[in-house]
Student: 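Take a look at the following structure, please.
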Amino acid sequence: MPELPEVETTRRGIAPHVCGRHVKQLLVRQRQLRWPVPGQLEQFLAGQRIERIDRRGKYLLLTVGRGTLIIHLGMSGSLRLLTTDSPPGPHDHIDLLLEDGCRLRYTDPRRFGAWLWTDGAIEQHALLQKLGPEPLSAAFDADYLYSLSRGRKLAVKSFIMNSHVVVGVGNIYANEALFRAGIHPARAAGRIARQRYQGLVEAIKSVLDDAIREGGTTLRDFVGGEGKPGYFKQRLQVYDRRDAPCRCCASTIRETRIGQRSSFFCPGCQR
DNA sequence: AGAGGTACCTGGCAGC
DNA sequence: TGCTGCCAGGTACCTC
């Protein structure tokens, strides 16, 4: 599912039902996710109080007394809160049972997601320590992107999708942000002027903000933390709109491959 | 160091 | 209808 807005929507959806509660039991039905679910995770979590749930990039961080549970939803994962017991489907790999009878159910058909554990400083974890700034933070600004991009020859779309540059910009929102900024996705990152990066930074922030406000983009199997779908799909200007007319200039939206990913752009609006 | 390709896994769908 | 091949929201890791 998940780009940053979907992960943030999930976090906000489940946080009120999870924070402050104690873990009754962790039920792992399938350990083979992107990495094997640690064999001792059940013991680590049993009886622990969930202090908080944070997000770093697309990672969800559930902090309990003795450490932090790191969850990534991969490409097809979702978390739902169940208030009644229902039989697990074939892709319902993990249930986190709470003392009040609720359960957090993790579903992931493609099993690209992850459930990991750390009892150290969270920012020092190997998966998190090299991540770039949060796109919605003040640290992510035009000066940062512009200076980091100098000399880089790769496509600007690949550049902004690199989590070491900035976290949380996946394929859908990279396409949408570049459209809003009027920048062609294949343009070399190092050959874009500072002022245009100003526009791109604003576009990334606004497209993510808008998507969070709409509850994420509904694509195939995304379901929000409380089981509600997102509505941002209706707002998409270029993604998945090949051969459709641009809503700004009526040019025909084109599709191309950049870094093995589907890329959509308007040849009239984007240079 | 940067750039590009590969791998993980399953489901859905277009095309034959 | 049924089979085959391709594609999909992510990202760590490998090679050149």
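Proteins get letters first, then strands, A, B, ... in listed order; numbering begins at 1 in each. Only a predicted model underlies this, so the values are computations on that prediction, with no experimental measurement involved.
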Student: How would you list all residue pairs meeting side chain to side chain donor-acceptor pair (under 3.5 Å) that involve residues 115-130 of chain A, not counting sequence neighbours?
Tutor: A/R56-A/E123
Student: Mind checking side-chain contact (heavy atoms from CB on, under 4.5 Å) for A/S263 and listing every partner two or more places apart, or none if nothing turns up?
Tutor: A/K157, A/N175, A/T256, A/I258
Student: Pairing of DNA chain C as dot-bracket, 5' to 3': ( ) intra-strand, [ ] crossing, | other strand, . unpaired, with Watson-Crick or G-U pairs under 3.5 Å?
Tutor: .|||||||.|||||||
Student: Side chain of A/M75: nearest nucleotide among B/dG11, B/dA3, C/dG10?
Tutor: C/dG10
Student: What pairs with A/Q270 under side-chain contact (heavy atoms from CB on, under 4.5 Å), at least two apart in sequence or on another chain?
Tutor: A/L178, A/F179, A/P185, A/V238, A/F265, A/C266
Student: Which ones in residues 203-210 of chain A lie close to DNA chain C, meaning a heavy atom under 4.0 Å from one of its atoms?
Tutor: none
Student: Residues in ring pair (Phe, Tyr, Trp, His ring centres under 6.0 Å) with A/H93, at least two apart?
Tutor: none
Student: Distance check, P atoms only: C/dC13 and B/dC9, in whole angstrom units.
Tutor: 16 Å
Student: Rounded to whole angstrom, note down the C1' distance from B/dA3 over to C/dG9.
Tutor: 23 Å
Student: Using whole Å, report how far NE2 of A/H72 lies from P of C/dG9.
Tutor: 14 Å
Student: What's touching nucleotides 4-7 of chain B from the protein side, N or O pairs under 3.5 Å?
Tutor:
residue : atom : partner : partner atom : Å
B/dG5   : OP2  : A/Q260  : OE1          : 2.6

Student: Calculate the interatomic distance between A/K130 atom NZ and B/dA1 atom P; express it in whole Å.
Tutor: 10 Å
Student: Ignoring hydrogens and angles, write down the donor-acceptor pairs under 3.5 Å from the side chains of residues 199-210 of chain A, residues two or more places apart or on other chains.
Tutor:
residue : atom : partner : partner atom : Å
A/E202  : OE2  : A/Q198  : NE2          : 2.8
A/K205  : NZ   : A/P135  : O            : 3.0
A/K205  : NZ   : A/S137  : O            : 2.7
A/K205  : NZ   : A/F140  : O            : 3.1
A/S206  : OG   : A/R180  : NH1          : 3.0
A/S206  : OG   : A/E202  : O            : 3.3
A/S206  : OG   : A/A203  : O            : 3.2
A/D210  : OD1  : A/R213  : NH1          : 3.3
A/D210  : OD2  : A/R180  : NH1          : 3.0
A/D210  : OD2  : A/R180  : NH2          : 3.1

Student: To the nearest 0.5 Å, what is the distance between OG1 on A/T68 and CZ on A/R52?
Tutor: 9.0 Å
Student: Tell me every residue that passes side chain to side chain donor-acceptor pair (under 3.5 Å) with A/D143, counting only those two or more places apart in sequence or in another chain.
Tutor: A/R194
Student: Indicate, with a heavy-atom threshold strictly under 4.0 Å, whether A/F159 touches base, sugar-phosphate, or nothing.
Tutor: nothing
Student: In whole Å, measure the gap between the P atoms of C/dC7 and B/dG5 for me.
Tutor: 14 Å
Student: Please report the distance, rounded to the nearest Å, between CZ in A/R31 and C1' in B/dC9.
Tutor: 19 Å
Student: OP1 or OP2 of C/dG9 less than 4.0 angstrom from a side-chain nitrogen or oxygen of A/R110, does that happen here?
Tutor: no
Student: For A/R29, enumerate each residue passing the side-chain contact (heavy atoms from CB on, under 4.5 Å) test, keeping only those at least two apart in sequence or located in another chain.
Tutor: A/L27, A/P88, A/D92, A/D95, A/R103, A/R105
Student: Looking at A/R111, does any N or O in its side chain come under 4.0 Å of the phosphate oxygens OP1/OP2 on B/dC8?
Tutor: no
Student: Looking for any heavy atom pair under 4.0 Å, which part of the strands does A/L33 touch: base, sugar-phosphate only, or nothing?
Tutor: nothing
Student: State which of C/dC7, C/dG10, B/dC9 makes the closest approach to the side chain of A/R257.
Tutor: C/dC7
Student: Ignoring backbone atoms, establish whether A/H91 has a side-chain N or O less than 4.0 Å from OP1 or OP2 of B/dG11.
Tutor: yes
Student: Excluding sequence neighbours, so at least two apart, what forms ring pair (Phe, Tyr, Trp, His ring centres under 6.0 Å) with A/F159?
Tutor: none
Student: Please list, one pair per line, the donor and acceptor atoms closer than 3.5 Å that link side chains of residues 36-44 of chain A to other protein atoms, with sequence neighbours excluded.
Tutor:
residue : atom : partner : partner atom : Å
A/E42   : OE1  : A/R31   : NH2          : 3.0
A/E42   : OE2  : A/R31   : NH1          : 2.9
A/E42   : OE2  : A/R31   : NH2          : 3.4

Student: Shortest non-hydrogen contact from A/H164 to A/Y144?
Tutor: O-OH, 4.0 Å
